[in-house]
Amino acid sequence: MTKKCITVSCPGQNISGKFLSPYTSFSRVHLKNVTCLDISSGGALGVSTSTDQSMKIWQTSNGEIRRVLEGHVHDVYCCKFFPSGKVVLSGGIDARVKIWSVDDGSCPVTLKGHKGGILDLAIVDRGRNIVTCSRDGTARLWDCGQAASIAIVNNSCVPINAIALGAVDNTVNLGSPNEAPTCSFAGDREIGTEGKMLILAREDKMLEGVSLHSRDSVFIFEGSDALNCCTFISSVDILAGAQDGNIFHLDVRNPKKPVDIICRTGSPVLSLVPFKDAYIASHGNGSCFIAQSFDQVLQLTGPDCEPVYQVAAWEKFVYTCCRDGIIRKYQLPDL
């Protein structure tokens with residue numbers, strides 16, 4: 001036992017578990033539930049949203065608020081830093097996608113086209129293009145420079161709760177575009193979509209893989225309950241978290257049968273984040289763990305049965321946001 005960590009092990013069975021308390025906590029960034037957060041590429045800034053209908057940029061060192069981003073109507077559901085760390089992307093219940101300047105908090109671009117609340121966001125490469133998904137059952141590819149929708153990548157007619165974008169192994173057949181560009185500039189509007197697969201976690205239990213460039217459906221996998229989150233952990237491996245607590249590990253080269261189904265609790269899986277050679281999962285009952293293998297788990301403690309909505313990692317630090325209104329910062333030991 002150390003000041004911040006308790007380790008319980010059974011060497012004979014090669015099983016161990018660590019319980020890590022927060023390095024520090026920020027309770028004054030928001031007044032109510034903190035529903036989403038992200039950390040900038042340099043690790044110095046965080047952005048978060050809350051059911052107090054605010055979105056704020058804050059310093060990760062002390063929680064001091066740097067900017068309040070105002071412009072969405074009612075709740076903001078999701079937020080994400082661009083790779084530069086100087087721009088923030090957000091989506092809300094107002095069906096608007098907004099692009100913000102970190103420097104002055106201004107919003108130079110608002111993207112309109114969805115007919116329902118924006119549930120998740122993905123950034124293509126450096127951010128010329130982005131992908132969004134919505135309660136309206138569509139995923140859209142956007143041109144940020146022209147503030148316009150390029151295409152509806154997927155129209156499933158059921159809410160798409162989460163998306164993940166990744167470059168996949170070249171053995172995966174992603175198809176080729178079968179439609180000519182509608183204008184002479186269309187080819188210039190898509191930057192970096194080749195070789196990318198978009199994973200969609202849907203309310204109807206379906207996990208779908210779609211080629212971002214060709215828009216072809218690559219696979220559809222049926223889970224055990226509504227799927228809340230998904231992520232890539234390698235160029236062939238993906239994870240999807242379900243409402244019943246199951247985490248499905250799939251290989252995109254053969255997605256019909258899961259590589260593994262992990263279930264540590266029957267509480268909904270709310271967030272999945274890749275982390276080094278492992279992943280971080282958070283649940284609706286307050287549990288949050290880093291899984292290196294089934295027998296090696298690091299539990300992040302603090303929330304008392306309150307849902308942990310989102311997790312973000314930067315180097316040795318992990319940040320969580322929770323229904324209790326607290327943003328927790330963990331400093332990880334060497335794993």
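If you read the sequence from its start, that first residue is 1, and numbering goes on from there. When reading the values below, keep in mind they use all heavy atoms of this one structure, side chains included, and skip hydrogens, waters and symmetry mates.
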Problem - Stepwise side chain to side chain donor-acceptor pair (under 3.5 Å) test for Asp104 and Ser106 - result: CA-CA 6 Å; Asp104 60 13; Ser106 63; 2.7 Å; yes

Please report the interatomic distance [atom1]([X]) to [atom2]([Y]), rounded to the nearest 0.5 Å.
X: Phe19; Y: Thr301; atom1: CZ; atom2: OG1; answer: 9.0 Å
X: Ile163; Y: Leu198; atom1: CD1; atom2: CG; answer: 5.5 Å
X: Asn161; Y: Glu203; atom1: CG; atom2: CD; answer: 4.5 Å
X: Phe82; Y: Ile99; atom1: CZ; atom2: CD1; answer: 4.5 Å
X: Ile326; Y: Ser25; atom1: CD1; atom2: OG; answer: 6.0 Å
X: Thr138; Y: Lys115; atom1: OG1; atom2: NZ; answer: 9.0 Å

Handout entry: Residue from Thr35, Asp75, Asp38 passing side-chain contact (heavy atoms from CB on, under 4.5 Å) with Thr49
Key =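 When side-chain contact (heavy atoms from CB on, under 4.5 Å) is applied between Thr49 and each of Thr35, Asp75, Asp38, only Thr35 qualifies.
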
Practice task
Apply the side-chain contact (heavy atoms from CB on, under 4.5 Å) test between Val153 and each candidate in Val210, Leu200, Thr193; give the one that qualifies.
Solution key: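 It is Val210; the other options fail the test.
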
Can a side-chain donor-acceptor contact be found between [Y] and [X] if the only test is distance below 3.5 angstrom?
X: Asp237; Y: His249; value: yes
X: Lys18; Y: Thr7; value: no
X: Gln243; Y: Asn228; value: yes
X: Asp169; Y: Thr171; value: yes

Side chains of [X] and [Y]: does their closest heavy-atom pair fall under 4.5 Å?
X: Phe81; Y: Ile39; result: no
X: Ile238; Y: Leu207; result: yes
X: Cys288; Y: Ile280; result: yes
X: Gln310; Y: Val273; result: yes
X: Pro333; Y: Leu20; result: yes
X: Arg135; Y: Leu119; result: yes
X: Ser287; Y: Arg264; result: no
X: Tyr309; Y: Leu270; result: yes

Practice task
Let me see the working for Arg140 and Asp136 under salt bridge (charged side-chain N to carboxylate O under 4.0 Å, His left out), right down to the final yes or no.
Solution key: CA-CA 11 Å; Arg140 287 179 177 265; Asp136 65 14; 5.3 Å; no

Looking at [Y], is its backbone amide N or carbonyl O close enough to the side chain of [X] to form a donor-acceptor pair, meaning the two atoms are under 3.5 Å apart?
X: Ser282; Y: Val308; value: yes
X: Ser156; Y: Gly137; value: yes
X: Asn285; Y: Ser267; value: no
X: Trp142; Y: Ala147; value: no
X: Ser211; Y: Leu174; value: yes
X: Ser50; Y: Asn33; value: yes
X: Thr51; Y: Lys32; value: no
X: Asp125; Y: Gly127; value: no
X: Asp143; Y: Ile150; value: no

Exercise for the section: Take Arg202 and Leu227, measure what side-chain contact (heavy atoms from CB on, under 4.5 Å) needs, and give me the verdict at the end. Expected result: CA-CA 5 Å; Arg202 299 179 356 196; Leu227 296 172; 6.0 Å; no

Handout entry: Salt-bridge contact Lys98-Asp94 (side-chain N to carboxylate O under 4.0 Å)
Key = no

Practice task
Could you check Tyr330 against Lys4 for side-chain contact (heavy atoms from CB on, under 4.5 Å), going step by step and ending with a plain yes or no?
Solution key: CA-CA 9 Å; Tyr330 301 84; Lys4 294 288 184 181; over 6 Å; no

Exercise for the section: Evaluate the ring planes of His72 and Trp100, with Trp represented by its six-membered ring, and classify them as parallel (under 30°), tilted (30 to 60°) or perpendicular (over 60°). Expected result: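 Tilted, since the angle between the ring planes falls between 30° and 60°.
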
Practice task
Check the angle between the aromatic planes of Tyr319 and Phe317 and answer parallel, tilted or perpendicular using the 30° and 60° thresholds.
Solution key: tilted

Practice task
Report yes or no: is the cationic atom of Lys329 (NZ for Lys, CZ for Arg) closer than 6.0 Å to the six-membered ring centre of Phe26, at no more than 45° off its axis?
Solution key: no

Practice task
Go through Lys205 and Asp225 one step at a time and tell me if the salt bridge (charged side-chain N to carboxylate O under 4.0 Å, His left out) criterion holds.
Solution key: CA-CA 5 Å; Lys205 306 182 185 180; Asp225 205 340; 5.9 Å; no

Exercise for the section: Could you tell me whether Asp304 atom CG has more than 12 heavy atoms of other residues or ligands within 6.0 Å of it? Expected result: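 No.
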
Exercise for the section: Report, as yes or no, whether the 6.0 Å neighbourhood of atom CZ on Arg128 holds more than 12 heavy atoms from other residues, nucleotides or ligands. Expected result: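 Counting other residues, nucleotides and ligands, CZ of Arg128 exceeds 12 neighbours.
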
Practice task
Evaluate the salt bridge (charged side-chain N to carboxylate O under 4.0 Å, His left out) criterion for residues Arg215 and Glu190: first the C-alpha distance (whole Å), next the side-chain angles of each, then the deciding distance (0.1 Å), finally the verdict.
Solution key: CA-CA 13 Å; Arg215 329 285 195 238; Glu190 285 193 43; 2.5 Å; yes

Practice task
Step by step, work out the side-chain contact (heavy atoms from CB on, under 4.5 Å) result for Leu69 and Ser90.
Solution key: CA-CA 10 Å; Leu69 306 180; Ser90 67; over 6 Å; no

Practice task
Given side-chain contact (heavy atoms from CB on, under 4.5 Å), test Tyr279 with Ile247 step by step and report yes or no.
Solution key: CA-CA 11 Å; Tyr279 66 91; Ile247 298 174; 4.1 Å; yes

